Number of protein chains: 2
Amino acid sequence: MNQHTRPTLDDVARAAGVSTATVSRCLNAPDRVIAPTRERVMQAVNALGYTPDFGGRALASGRTNTIGAVIPTMDNAIFARGMQAFQETLSSVGVTLLVASSGYDFDREAEQIRALAGRGADGLLLIGSARPATTYDFLRRRGIPYVLAWSLGDSADHFVGFDNRRAAEALATRVIALGHRDIAMIAGVTAMNDRAADRVEGVRAALRQAGRDPASLPIIEAPYSFEDGSNAFAALMQRVPRPTAVICGNDILAVGAIGRAKALGLRVPDDVSVTGFDNIDIAAFVEPALTTVHVPHRRMGVAAAQQLLQMIAGDTADARVEFGTEIVERGSLAAAPV
Amino acid sequence: MNQHTRPTLDDVARAAGVSTATVSRCLNAPDRVIAPTRERVMQAVNALGYTPDFGGRALASGRTNTIGAVIPTMDNAIFARGMQAFQETLSSVGVTLLVASSGYDFDREAEQIRALAGRGADGLLLIGSARPATTYDFLRRRGIPYVLAWSLGDSADHFVGFDNRRAAEALATRVIALGHRDIAMIAGVTAMNDRAADRVEGVRAALRQAGRDPASLPIIEAPYSFEDGSNAFAALMQRVPRPTAVICGNDILAVGAIGRAKALGLRVPDDVSVTGFDNIDIAAFVEPALTTVHVPHRRMGVAAAQQLLQMIAGDTADARVEFGTEIVERGSLAAAPV
DNA sequence: TTGTATGCGTTATCAA
DNA sequence: TTGATAACGCATACAA
């Protein structure tokens, strides 16, 4: 039984009869080593089961090949899908992903950002642009590359996202064009969430554009769950006149709304139309299928990873990558009842 | 404009007029430093905006305060929820989470395990027990603590999970007790997935127990999506005699099945019963609501984290933490049609 | 309670 | 192409 200490560069060097520098080169820049020696070294590496020590490498090189992400929560189909793509992309180039979650709380987010930066993350992925100036200050003082995703902002930061406001406006405009006059909205919680807030703004903009008073739009904010969507829908249906269309801030709320409509004996879309946002899998599967806004979550995850990798490599990356969205019309939206 | 190099322990020590050792102690064992000096040091730390360098710390201490997880995919409600809880628990004690995904592929999993171990992970979370001996060999040679979650196995490894087989058997037994004789199954893909395979085994065991031939059970394996569940259901409904109950390996497949049933004009549960597994949110929300097996995903995530932390700390941890599951009976399951 | 001194494993500079 | 050797920033055993 040998000692249970891992082999070091030195062990490999000795075994291969070369210097530690050569072993290091074999691993990091194989072309800077002549083939025969390289072969001998690699043999020793395999024989000893050598793997480079992370701490030593990080200390000496100043890089960790690690990227951090702070998202509101993994327990949300939207981020789950995007993060999966993000992780796959990083993994394909040998970078590993550190994840942390904020629970939609600015303080927690700042705390997690600090933690990941302290963990030596070479770059950071953050969601949206709404956060205190102090957090941005920290990011910049620290000089750590970061990308803001899932939305687009006005700042000079790097964005990889789509225009939540415009997409929501387009959808609402379509609803209005179908003759709906009594429109209501079930929004995601807008506090600390620019995506949700932008979607509300988009709907208001559409109303304004149609010569209606945005202030008259009944809105209920609801957490991301079927049940909350359902309850919000029930509350909205109490209004007089009863809305003929309910625009929801995301698909989960919309599915909750449709479920409640059925329970209330209301036909969708004959009595009331319902729309969602995100186009997650379930949108195509509810009955009736959901009219929603398609968002390319996976592509965004991939693009965010590429962007970040470029920034870390020191290459000049595009300031922003904007993805288009499109309205997917399905059975849950129809012309207003006459 | 000052140089953009981060302050080091030495800078803080100089600023506070103490040695680096004292600064280090202030950060790692504050009680070993007298209050006045500690105060002076912390002041310098804040003034300089000092944060310890990760590489240096990892190299000197041999620990990274980082735990890795290799899961099949984040894009699955089950793991997403459990991982969120796992991450929160780690975060609460200052440990950060490295995530990687295998895509249900043994080779990729082994690769990711290597990557995370190389990244200096102090411990590892893996899903299920089905993987090549070579992977376990690596884990043990490396001596890295690991926990297997979401299932229970026969080995001496540390498990945090539940008995997929027994839970599925209980559910199937209930289905049989309701008079169903023509039962079919839509299973998750069992290759490289012991959870899915165990659920199939459980159903077979129930049939055997009831004096039926398990080999006669029609089974279609389907990937984790509504659409695949839907298609599998349609195929099963072609059989003669037509099954009166379809047991699904997870809720997503079951919801897909229910959707197809409606499209085919079949009433659930009058014409055909459908059951799921996992009890994710949507199970309570489909129409009819899904009879399924409740699995405490969040609690498992928390327990897995605690287990791992104990193992890393060198405390003796329980060999296995088993969670109970329970059948949640809802509208999708009823007595067999007469 | 605090300081000194050493070593952790790697990368990178500079010579050879 | 390869080798010596000096950082890298921190934790810790030991001494004071």
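Within every chain, numbering begins at 1; the chains are lettered A, B, ... in the order of the sequence lines, protein sequences first and strands thereafter. Values in this document were obtained by computation on a predicted structure and should not be read as measured data.
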Colleague: Quick one: side-chain hydrogen bond (donor to acceptor under 3.5 Å, both in side chains) partners of B:Ser24, sequence neighbours excluded?
Modeller: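 Partners of B:Ser24 under the side-chain hydrogen bond (donor to acceptor under 3.5 Å, both in side chains) test: B:Asn28.
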Colleague: Can you list everything that forms a side-chain hydrogen bond (donor to acceptor under 3.5 Å, both in side chains) with B:Arg299? Sequence neighbours excluded, please.
Modeller: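 Result, side-chain hydrogen bond (donor to acceptor under 3.5 Å, both in side chains) vs B:Arg299: none returned.
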Colleague: Please state how far atom CZ in A:Phe54 lies from atom C1' in C:dT10, giving the value in whole angstrom units.
Modeller: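 The distance from CZ of A:Phe54 to C1' of C:dT10 comes to 12 Å, rounded to the nearest Å.
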Colleague: Ion pair present between A:Arg141 and A:Asp137, side-chain N to carboxylate O less than 4.0 angstrom?
Modeller: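 Between A:Asp137 and A:Arg141 there is no salt bridge, as every charged N stays at least 4.0 Å from the carboxylate O atoms.
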Colleague: For the helix from C:dT1-D:dA16 to C:dA16-D:dT1, measure the angle between the helix axis at one end and the axis at the other, each built from five pairs, rounding to 10°.
Modeller: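 That helix has its two terminal axes inclined by roughly 30°.
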Colleague: In chain order, what residues pass the salt bridge (charged side-chain N to carboxylate O under 4.0 Å, His left out) check against A:Glu39, with sequence neighbours excluded?
Modeller: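 Once residues adjacent in sequence are excluded, A:Glu39 has no partner under the salt bridge (charged side-chain N to carboxylate O under 4.0 Å, His left out) criterion.
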Colleague: Under 3.5 Å, which N/O atoms of the protein pair with N/O atoms of nucleotides 4-8 of chain C?
Modeller:
none

Colleague: With sequence neighbours excluded, what pairs up with A:Phe54 under the ring pair (Phe, Tyr, Trp, His ring centres under 6.0 Å) test?
Modeller: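 Ring pair (Phe, Tyr, Trp, His ring centres under 6.0 Å) check on A:Phe54 returns B:Phe54.
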Colleague: I'd like the 5' and 3' limits of the part of DNA chain D contacted by chain A, with heavy-atom contacts below 4.0 Å.
Modeller: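 For DNA chain D, the relevant span reads D:dT1 to D:dG9.
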Colleague: Give me each pair satisfying ring-ring contact (aromatic ring centres under 6.0 Å, His included) with a member in residues 70-94 of chain B, each pair once, sequence neighbours excluded.
Modeller: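 Pairs touching residues 70-94 of chain B that pass the test: B:Phe79-B:Trp150.
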Colleague: List, one per line, each side-chain donor-acceptor pair under 3.5 Å for residues 97-104 of chain A, sequence neighbours excluded.
Modeller:
{"from": "A:Ser101", "atom 1": "OG", "to": "B:Gln84", "atom 2": "NE2", "distance (Å)": "2.9"}
{"from": "A:Ser101", "atom 1": "OG", "to": "B:Gln87", "atom 2": "OE1", "distance (Å)": "2.6"}
{"from": "A:Ser102", "atom 1": "OG", "to": "A:Tyr104", "atom 2": "N", "distance (Å)": "3.2"}

Colleague: Can you list the residues that meet the side-chain hydrogen bond (donor to acceptor under 3.5 Å, both in side chains) rule with A:Ser151, with sequence neighbours excluded?
Modeller: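 Residues passing side-chain hydrogen bond (donor to acceptor under 3.5 Å, both in side chains) with A:Ser151: A:Asp194.
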Colleague: Taking ring pair (Phe, Tyr, Trp, His ring centres under 6.0 Å) as the test, write out the residues that go with A:Tyr146, two or more places apart.
Modeller: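 Not a single residue meets the ring pair (Phe, Tyr, Trp, His ring centres under 6.0 Å) criterion with A:Tyr146.
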Colleague: By the 4.0 Å heavy-atom rule, please label A:Ile34 as base, sugar-phosphate, or nothing.
Modeller: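 Result for A:Ile34 = sugar-phosphate.
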Colleague: Restricting to side-chain hydrogen bond (donor to acceptor under 3.5 Å, both in side chains), what partner residues turn up for B:Arg131, sequence neighbours left out?
Modeller: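 Per chain and number, B:Arg131 pairs via side-chain hydrogen bond (donor to acceptor under 3.5 Å, both in side chains) with B:Glu109, B:Tyr136.
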Colleague: Please report, rounded to the nearest Å, how far the P atom of C:dG9 is from the CZ atom of B:Arg57.
Modeller: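 Between P of C:dG9 and CZ of B:Arg57: 18 Å.
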Colleague: Using whole Å, report how far CG of A:Leu48 lies from C1' of C:dG9.
Modeller: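 In whole Å, C:dG9 C1' and A:Leu48 CG are 15 Å from each other.
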